[in-house]
Amino acid sequence: MGAWGYLPFENDNALDWLEDLESGGADVVRSALAKAGDRYVEAPEGAVAIAAAEVASASQGNPLGELPENVAEWVAAHGAEITADDVEMALEAVQRVAGEQSELAELWDDADEPEWRESLDDLVERLRAALS
């Protein structure tokens with residue numbers, strides 16, 4: 001049975017990606033954010049991009065509550081590698097995943113679960129705060 005919740009680390013795709021994160025530096029985050037490019041974003045890539053954006057936000061001192069232990073450890077070890085450009089890329093990725101060209105947005109809208117969009121709005125606010 002798969003894990004699926006509205007928060008960034010409550011789905012199988014993001015949890016699988018955390019294994020990659022643990023073994024790499026900021027390039028792992030950048031690569032995940034880049035996959036939410038200027039095209040239709042499939043649900044797995046969208047879920048990973050949201051998790052990567054959350055890591056970027058946490059790296060700037062704006063985490064979502066309590067992070068999973070492995071994410072907190074990564075942020076402590078590699079968070080300083082995340083730049084303002086990375087935060088900007090994270091903000092753009094979140095906006096694309098929340099947009100009309102996103103399978104994940106379609107799925108959550110069909111499920112009529114407003115918590116997902118509320119969590120993205122919160123993430124956007126925390127990313128913007130990191131840039132100001």
Side-chain angles (χ1 to χ4, degrees):
M1 182 165 149
W4 198 258
Y6 67 89
L7 293 174
F9 304 110
E10 293 184 343
N11 64 78
D12 287 336
N13 299 113
L15 294 174
D16 290 344
W17 175 76
L18 289 181
E19 292 177 22
D20 295 336
L21 179 69
E22 289 178 47
S23 64
D27 286 339
V28 175
V29 174
R30 292 178 188 120
S31 176
L33 294 171
K35 289 183 180 175
D38 293 329
R39 59 175 177 22
Y40 185 80
V41 182
E42 300 290 338
E45 287 81 14
V48 168
I50 295 301
E54 186 59 56
V55 169
S57 181
S59 295
Q60 302 301 305
N62 296 318
L64 170 68
E66 190 171 321
L67 295 171
E69 184 177 339
N70 54 347
V71 175
E73 290 172 0
W74 188 94
V75 168
H78 301 282
E81 299 171 27
I82 300 296
T83 67
D85 287 342
D86 298 327
V87 174
E88 189 70 44
M89 186 172 18
L91 184 58
E92 292 170 9
V94 173
Q95 291 169 331
R96 282 194 294 273
V97 173
E100 294 180 10
Q101 294 295 312
S102 168
E103 182 181 26
L104 200 54
E106 291 173 11
L107 293 169
W108 279 108
D109 288 347
D110 288 348
D112 196 27
E113 297 286 340
E115 294 89 354
W116 183 74
R117 288 218 177 261
E118 291 166 6
S119 74
L120 293 189
D121 290 345
D122 176 68
L123 178 53
V124 165
E125 286 178 28
R126 289 183 287 114
L127 289 166
R128 285 187 176 141
L131 290 171
S132 54

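Computed from heavy atoms alone, side chains included, the values below leave out hydrogens, waters and symmetry copies.
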When the side chains of residues 24-33 are checked against the rest of the protein, which donor-acceptor pairs come out under 3.5 Å, sequence neighbours left out?
{"unit_1": "D27", "atom_1": "OD1", "unit_2": "R30", "atom_2": "NH1", "d": "2.9"}
{"unit_1": "R30", "atom_1": "NE", "unit_2": "D86", "atom_2": "OD1", "d": "2.7"}
{"unit_1": "R30", "atom_1": "NE", "unit_2": "D86", "atom_2": "OD2", "d": "3.2"}
{"unit_1": "R30", "atom_1": "NH2", "unit_2": "E81", "atom_2": "O", "d": "3.0"}
{"unit_1": "R30", "atom_1": "NH2", "unit_2": "D86", "atom_2": "OD2", "d": "2.9"}

At what distance, to the nearest 0.5 angstrom, does CD1 of I50 lie from CD of E10? 13.5 Å
Partner set under salt bridge (charged side-chain N to carboxylate O under 4.0 Å, His left out) for D16, not counting sequence neighbours: none
For V41 and G37, work out which heavy atoms get closest and say how close. CG2-O, 4.2 Å
For A53 and L127, work out which heavy atoms get closest and say how close. O-CD2, 3.9 Å
Tell me, please, which residues at least two apart from R128 pass side chain to side chain donor-acceptor pair (under 3.5 Å). none
Taking salt bridge (charged side-chain N to carboxylate O under 4.0 Å, His left out) as the test, write out the residues that go with E45, two or more places apart. none
Those residues at least two apart in sequence (or on a different chain) that pass ring pair (Phe, Tyr, Trp, His ring centres under 6.0 Å) with W17 are none
Name all residues meeting the side-chain contact (heavy atoms from CB on, under 4.5 Å) criterion together with L64; count only those two or more places apart in sequence or in a different chain, and write none if there are none. L7, P8, E54, D122, R126
By salt bridge (charged side-chain N to carboxylate O under 4.0 Å, His left out), D20 pairs with (sequence neighbours left out) none
Quick one: salt bridge (charged side-chain N to carboxylate O under 4.0 Å, His left out) partners of D110, sequence neighbours excluded? none
Parallel, tilted or perpendicular: which fits the ring planes of W108 and Y6, with parallel below 30° and perpendicular above 60°? perpendicular
For residues 18-44, which residue pairs pass the ring pair (Phe, Tyr, Trp, His ring centres under 6.0 Å) check, not counting sequence neighbours? none
So side-chain hydrogen bond (donor to acceptor under 3.5 Å, both in side chains) across residues 61-74, not counting sequence neighbours, yields E22-N70
